[in-house]
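Here the structure comes first, spelled out in structure tokens, and everything after it is commentary.
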Amino acid sequence: MTTKTEFTQEEWEALQKGVTGAGFLMAVSDRSFFDSFKEAGALARHLSEARKSASSELIRELAEARGTGFGLTSSPDEIESETLGALRKAMEVLETKAPEEVDAYRSFVLEVAESVGNAAAGGEAPESEALEKIRSALGSER
């Protein structure tokens, strides 16, 4: 069973930022004031559910994340760049230190992103583009 203690602080931050950043990237891909509340709620609900019921201890610990790792002044380009970079680093770290967790992490990130993307109507094209970038960073064709 892989846990937080097996990662450096920098590695753990990349794992967390990949998850929360994926949700945040989906939310900013189609910026609408009211949609942002729905999307933030979807991210919080998804993380809460994972804390309670994920089969992977690593995913339960990652779901404890507070915040997204981004500030209010972070630009959409900054969010995209840092999220995709964090996801690539997270995958490298997992492939090296915990290959048995790669699929669980990939699935969790995609579920978070899809949950946020589906939280509000509209914005399908920008959200689909953001989701494809996330999939690419994760090395996923799904």
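Here, residue 1 is the first one in the sequence, and each next residue gets the next number.
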What's the shortest heavy-atom distance between A27 and V116, and which atoms? N-CG1, 3.9 Å

Find out whether V93 and F7 are in side-chain contact, i.e. whether some heavy atom of one side chain is under 4.5 Å from a heavy atom of the other. yes

Identify all side-chain donor-acceptor contacts of residues 56-63 below 3.5 Å with residues at least two apart in sequence or on another chain.
residue, atom, partner, partner atom, Å
S56, OG, L58, N, 3.2
S56, OG, I59, N, 3.2
S56, OG, E101, OE1, 2.8
E57, OE1, R60, NE, 3.4
E57, OE1, R60, NH2, 2.5
R60, NH1, A54, O, 2.5
E61, OE1, K4, N, 2.6

State whether the side chain of Y105 and the backbone N or O of L15 hold a donor-acceptor pair below 3.5 Å, judged by distance alone. yes

Check side chain to side chain contact (heavy atoms under 4.5 Å, CB included) between E49 and all other residues, then give those that pass, not counting sequence neighbours. S53

Hey, what do you get for CD (E127) to CG (L25), rounding to the nearest 0.5 Å? 10.0 Å

Just how far is it from atom CZ of R106 to atom CD1 of I134, taken to the nearest 0.5 Å? 13.5 Å

Starting at CG of L110, measure out to OG of S115 and round the result to the nearest 0.5 Å. 12.0 Å

I want to check something: taking the side chain as every heavy atom from C-beta on, are L87 and V19 in contact at a cut-off of under 4.5 Å? no

For E64, side chain to side chain donor-acceptor pair (under 3.5 Å) partners two or more places apart: none

With sequence neighbours excluded, tell me which residues meet side chain to side chain donor-acceptor pair (under 3.5 Å) with S48. none

Quick one: CE on M26 to CG on L131, what's the gap to the nearest 0.5 Å? 5.0 Å

How long is the gap from CD on E78 to OG1 on T83, to the nearest 0.5 Å? 9.5 Å

Which residues pass the side chain to side chain contact (heavy atoms under 4.5 Å, CB included) test with T8, sequence neighbours left out? E10, E11, K97

Any donor and acceptor pair, going by atom type alone, linking the side chain of S136 with main-chain N or O of E132 inside 3.5 Å? no

By side chain to side chain donor-acceptor pair (under 3.5 Å), E129 pairs with (sequence neighbours left out) K133

Across all chains, not counting sequence neighbours, the side chain to side chain contact (heavy atoms under 4.5 Å, CB included) partners of A14 are K89

Nearest 0.5 Å please: distance from the CH2 atom of W12 over to the OG1 atom of T3. 8.0 Å

Hits for side chain to side chain donor-acceptor pair (under 3.5 Å) against E100, two or more places apart or cross-chain, chain-then-number order -> T2

Go through the structure and list residues passing side chain to side chain contact (heavy atoms under 4.5 Å, CB included) with S81, not counting sequence neighbours. none

Closest non-hydrogen atom pair between A130 and S29, with its separation: CB-CB, 3.9 Å

